[in-house]
Amino acid sequence: MRDDDLWRHVAAELSWDPQVDSDAIEVSAADGTVTLRGTVATLRLKQAGGRAAARVRGVTRVANELRVQIPDRDRRDDEDLRGDVLEALMLDVSVPMTVDAQARDGFVTLTGTAHWHYQREAAELRTANVPGVAGIDNTISLAREAREAIRAAFRRDAAIEADGLSVDTSSDGLVILSGMVSSWAAHDHALAATWSAPGVIQVDDRIRVESGR
């Protein structure tokens, strides 16, 4: 796709999405990479713009350079913002009580532990919706070892050739998947099973699909 066409399609998608402040966003495109620039009023608007651009056909990478400028009415001092974030986290049953937060000049650092990746994501999503949050550093760690749980999930799934896959993990939540499967369905099942395991923060997918096996 030509850069001009990609630019036009992304701009149209931003205008189409009611969650995006398209008037505040400047779009450029080059070789599949789309760059978003401009100033928006909330972190939620910044993230929504990035998601909208990423789902356009032909986009291979989104450089989300949108700047969040909190309106005066939503500005909080550090302690008040931390209190608002903690209250929001407590209202979400997906977020464990072991998650904490610190705030400094509109930027929130999420700390503590969780057992599942989706709990880290829920904490970040909930925080992004708090007025006054300009950025998030999600340092929540996951408390359990994932390797054996992933291997067991592979063996239970009829779509996955478990013997052809290798699972390596690290203490920081990275899982490296390698090996070979016979279909994209098996590949997708393996990825889904991995992300569902406790302790997973990042997946390095090196699985090869060879349909002739």
If I compare all heavy atoms of [X] with all of [Y], which pair ends up nearest, and what's the gap?
X: Ser94; Y: Gln119; result: O-CG, 3.1 Å
X: Thr139; Y: Leu110; result: OG1-O, 2.6 Å
X: Asp77; Y: Asp80; result: OD1-N, 2.8 Å
X: Thr60; Y: Thr33; result: OG1-N, 4.0 Å
X: Ala186; Y: Val181; result: CB-CB, 3.9 Å
X: Leu14; Y: Gly49; result: CD2-O, 3.7 Å

inquiry  = Going by the rule salt bridge (Lys or Arg N to Asp or Glu O under 4.0 Å), which residues pair with Arg44 if we only count those two or more places apart in sequence or in a different chain?
reply    = none
Main chain of [Y], side chain of [X]: is a donor-acceptor contact present, judged purely on distance under 3.5 Å?
X: Arg76; Y: Asp74; answer: yes
X: Asn64; Y: Lys46; answer: yes
X: Arg120; Y: Ala114; answer: no

ask   = Any Lys/Arg nitrogen of Asp168 or Arg206 sitting under 4.0 Å from an Asp/Glu carboxylate oxygen of the other?
value = no
ask   = Any ion pair linking Glu26 and Arg37 (charged N to carboxylate O, less than 4.0 Å)?
value = no
key: Pairwise distance OG1(Thr42) to CG(Leu66) - rounded to 0.5 angstrom   = 10.5 Å
query = At what distance, to the nearest 0.5 angstrom, does CG of Leu191 lie from CD1 of Ile160?
reply = 9.0 Å
message = Please enumerate all residues that pass side-chain hydrogen bond (donor to acceptor under 3.5 Å, both in side chains) together with Asp100, with sequence neighbours excluded.
response = Arg82
side-chain hydrogen bond (donor to acceptor under 3.5 Å, both in side chains) against Gln102, all qualifying residues, sequence neighbours excluded = none
request  = Apply side chain to side chain contact (heavy atoms under 4.5 Å, CB included) to Leu165 and Leu177, showing your working.
outcome  = CA-CA 7 Å; Leu165 294 175; Leu177 299 179; over 6 Å; no
query = Is Trp195 atom CH2 crowded by more than 12 heavy atoms from other residues, nucleotides or ligands, each under 6.0 Å away?
reply = yes
